[in-house]
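Source: prediction; values computed, not measured. FYI, side chains are in, hydrogens and waters are out, and symmetry mates aren't considered; it's all heavy atoms of this structure.
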Amino acid sequence: MHLPDSIVYFSRHGETDWNVSERIQGQEDVDINARGQQQAARNGDMLKSLIGEGAGFDFVASPLRRTRDTMERIRTRMGIDPWAYRTDARLMEVNFGAWQGYMLEDIEARSPDLVAARARDKWNFVPPGPTAESYAILAIRIGNWLSEVQEPTVCVTHGGCMRTIFQMVEGLDGHDAANLAITQDKILRLEKGSLTWM
């Protein structure tokens with residue numbers, strides 16, 4: 001996979017109530033909460049300190065509400081038109097299929113064998129459901145998007161997507177990448193093949 005020559009700043013969406021309760025979101029459309037709004041504002045302030053009003057930058061987000069709201073709050077803090085950005089469906093979170101909307105403990109009560117299989121190989125495990133994905137599948141679409149980046153970019157996406165970026169850029173093995181903690185109140189910079197939290 002070809003890494004972009006241009007600098008890319010990533011933000012995960014702000015916190016949601018489902019994040020707090022550890023309910024599986026995947027591609028379910030969930031809003032950020034009050035703390036998530038504060039995280040988005042913080043990331044906007046950080047980006048403003050780094051790139052001012054972002055002249056020459058492409059701004060792109062996952063089309064889900066939590067990422068769009070985060071992007072709009074970031075752009076507001078930067079002092080620019082909140083809605084002048086684009087979305088790309090390839091930046092959506094990994095699809096958890098039939099597990100979306102459920103707590104892992106509830107799934108474990110019904111399907112302990114599947115939860116155990118996921119724990120053994122979280123990177124390659126595909127939950128039940130016709131649209132479900134593994135992290136390995138997610139990495140293909142995120143890699144396709146990343147290889148097309150040709151200009152400085154601000155991207156708002158999801159924790160799973162950022163895990164695949166660490167796997168691709170830093171060469172983490174699948175197990176480590178799939179279990180990586182991804183913060184919601186920092187900016188991740190990709191520059192010259194290196195990742196830095198800011």
Side-chain angles (χ1 to χ4, degrees), residues 1-4 8 10-33 36 60-71 86-149 153 155-184 188 190 195:
M1 188 213 61
H2 171 72
L3 292 177
V8 184
F10 295 96
S11 172
R12 186 181 175 190
H13 63 81
E15 182 184 87
T16 71
D17 288 344
W18 284 24
N19 289 144
V20 176
S21 64
E22 299 185 351
R23 187 176 297 277
I24 296 172
Q25 290 181 124
Q27 294 183 2
E28 290 292 305
D29 221 358
V30 182
D31 291 312
I32 63 175
N33 60 25
V60 58
S62 155
L64 294 176
R65 283 201 311 269
R66 59 190 183 270
T67 36
R68 288 189 289 113
D69 189 6
T70 300
M71 174 66 90
R86 62 189 184 88
T87 61
D88 191 315
R90 291 176 294 180
L91 295 170
M92 290 173 71
E93 181 61 288
V94 63
N95 190 314
F96 280 97
W99 286 9
Q100 294 183 165
Y102 291 91
M103 311 284 280
L104 198 58
E105 61 200 44
D106 297 332
I107 296 166
E108 188 165 24
R110 288 200 321 266
S111 306
D113 53 331
L114 291 180
V115 173
R118 179 177 184 259
R120 284 193 301 273
D121 188 5
K122 196 172 176 182
W123 183 257
N124 293 297
F125 178 80
V126 181
T131 60
E133 300 172 299
S134 64
Y135 278 111
I137 294 168
L138 171 65
I140 294 169
R141 64 175 161 89
I142 296 298
N144 288 340
W145 173 80
L146 196 58
S147 66
E148 293 177 10
V149 172
T153 299
C155 171
V156 180
T157 187
H158 303 267
C161 302
M162 293 172 74
R163 290 182 185 100
T164 69
I165 289 163
F166 271 96
Q167 191 271 340
M168 289 182 276
V169 174
E170 296 197 342
L172 296 184
D173 70 31
H175 175 80
D176 289 342
N179 289 285
L180 198 61
I182 303 294
T183 185
Q184 289 165 304
L188 181 66
L190 171 59
L195 292 168

In the structure I gave you, are the side-chain heavy atoms of [X] and [Y] within less than 4.5 Å of one another anywhere?
X	Y	result
Ile24	Ile107	yes
Leu190	Pro4	yes
Arg12	Met162	yes
Thr67	Leu91	no
Leu3	Leu146	yes
Pro127	Leu114	no
Leu138	Trp123	no
Cys155	Trp145	yes

Heavy-atom closest contact ([X] atom, [Y] atom, distance):
X	Y	result
Asn124	Ala136	OD1-CB, 3.6 Å
Arg163	Ala178	CD-O, 3.5 Å
Arg118	Phe96	NH2-CE2, 3.8 Å

Set of side-chain contact (heavy atoms from CB on, under 4.5 Å) partners for Asp69, sequence neighbours left out: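 Once residues adjacent in sequence are excluded, the partners of Asp69 under the side-chain contact (heavy atoms from CB on, under 4.5 Å) criterion are Ile32, Arg73.
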Intermediate values then yes/no, side chain to side chain contact (heavy atoms under 4.5 Å, CB included), Gln25 and Leu64: CA-CA 11 Å; Gln25 290 181 124; Leu64 294 176; over 6 Å; no
Short N-O contact, Glu133 and Arg141, less than 4.0 angstrom: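 Yes, this pair counts.
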NZ/NE/NH1/NH2 to OD/OE distance under 4.0 Å, Arg90 and Glu148: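 A salt bridge is present here (some side-chain N lies under 4.0 Å from a carboxylate O).
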Trp99-Phe125 aromatic ring centre distance below 6.0 Å: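 Distance test on ring centres: under 6.0 Å, yes.
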Non-neighbouring partners of Asp17 that pass salt bridge (Lys or Arg N to Asp or Glu O under 4.0 Å), sequence neighbours left out: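 Once residues adjacent in sequence are excluded, Asp17 has no partner under the salt bridge (Lys or Arg N to Asp or Glu O under 4.0 Å) criterion.
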